Every structure is written in structure tokens, then in C-alpha cells.
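Read through the structure below, which is laid out as C-alpha cells, and then see the notes.
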Amino acid sequence: QVQLVESGGGLVQPGGSLRLSCAASGNIFSIYVMGWYRQAPGKQRELVATITRGGNTNYADSVKGRFTISRDNDKNTVALQMNSLKPEDTAVYYCNAIQVVTSPINSWGQGTQVTVSS
């Protein structure tokens with residue numbers, strides 16, 4: 001299995017930037033895709049961005065042009081650079097990893113709080 005630990009959350013003013021990082025450990029060689037999801041109070045968890053082992057990326061429309069996901073396969077980390085942050089970006093951000101072994105396995109980190117407020 002895979003263990004995920006997020007870091008980098010915090011409080012930032014609108015228009016500011018944050019960089020989230022996710023460190024993976026365990027059966028890291030089985031990971032096919034990693035990504036970031038977020039969940040605001042009273043809202044459903046939603047996809048923010050994903051990246052495959054080969055570097056293909058996918059972004060939610062709400063963050064395109066502002067967020068960038070990247071992956072360092074050698075260091076087993078995934079980062080989310082968040083620029084031009086808006087109050088509606090406020091949420092708990094969760095790192096996600098999908099392993100493909102005998103069947104897909106979905107792993108989640110504990111989450112890191114991002115608050116965008118003036």
C-alpha cells in the first residue's frame with residue numbers, strides 16, 4: 001500500500017500563492033496516477049488536478065491557468081503550485097494516489113488546510 005503526507009497549506013490573501021507537496025511512501029512503484037482533490041465545508045470532494053507517471057496532466061476548469069501540478073518520480077513527490085488564489089479555493093486539499101496492481105487501489109493523505117482570506 002501507499003502512504004501519503006501533504007504539507008504546505010496555510011493562510012494566504014487573495015491573489016497570493018501557495019505550494020503544496022505530497023510525499024509518497026510504501027509501494028510507490030505501483031502508482032500510476034497522483035493528484036490533488038479538495039473539499040470545502042458542506043461541499044463534495046472535487047478533483048483539482050492529476051498527473052500520470054508519464055506526465056499527462058488534467059485540471060479542473062476552475063483552476064486552469066492558475067494551478068500547476070508536477071511530479072518528481074525519483075523523489076516520489078507531487079506538488080501543486082497554486083497562484084492567483086481566490087477565496088473559493090479555500091478547502092482541505094488531499095493528495096491522492098492510484099495504484100494498479102491486481103486491482104486499482106485508491107490512497108488518500110490526511111489533508112492540508114488552505115485558507116484564502118483577507
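All values derive from a computational prediction rather than experimental measurement.
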Can you tell me if [X] uses its side chain to pair, donor with acceptor, with the backbone of [Y] under 3.5 Å?
X   : Y    : answer
R53 : I31  : yes
E6  : C95  : yes
T90 : V116 : yes

Row check, Y94 ring normal vs R38 NZ/CZ: under 6.0 Å, within 45°: no
Determine whether [X] and [Y] make a side-chain contact, defined as any pair of heavy atoms from C-beta on separated by less than 4.5 Å.
X    : Y    : result
V63  : M82  : no
L80  : Y93  : yes
W108 : Y37  : yes
P87  : S117 : no
W36  : L47  : no
T112 : V92  : no

Provide the closest heavy-atom pair for [X] versus [Y] in the form atom of the first, atom of the second, distance.
X   : Y   : answer
V33 : R71 : CA-NH1, 4.0 Å
L4  : A24 : CD2-CB, 3.7 Å
L18 : L85 : N-CD1, 3.8 Å
S17 : S84 : OG-N, 4.3 Å
A40 : A91 : N-CB, 3.8 Å
A49 : Y59 : CB-CD2, 3.6 Å

Atom [atom1] of [X] and atom [atom2] of [Y]: how far apart are they, to the nearest 0.5 Å?
X   : Y   : atom1 : atom2 : value
N58 : I69 : CG    : CD1   : 9.5 Å
S7  : L20 : OG    : CG    : 8.0 Å
Q1  : S30 : CD    : OG    : 10.5 Å

Flag if over 12 foreign heavy atoms under 6.0 Å of CD, E46: yes
Check: T68/Q81 side-chain N/O donor and acceptor closer than 3.5 Å: no
Note: K86-D89 ion pair, threshold 4.0 Å (strictly below): no
Derivation and outcome, side chain to side chain contact (heavy atoms under 4.5 Å, CB included), residues T52 and T50: CA-CA 7 Å; T52 68; T50 61; 6.0 Å; no
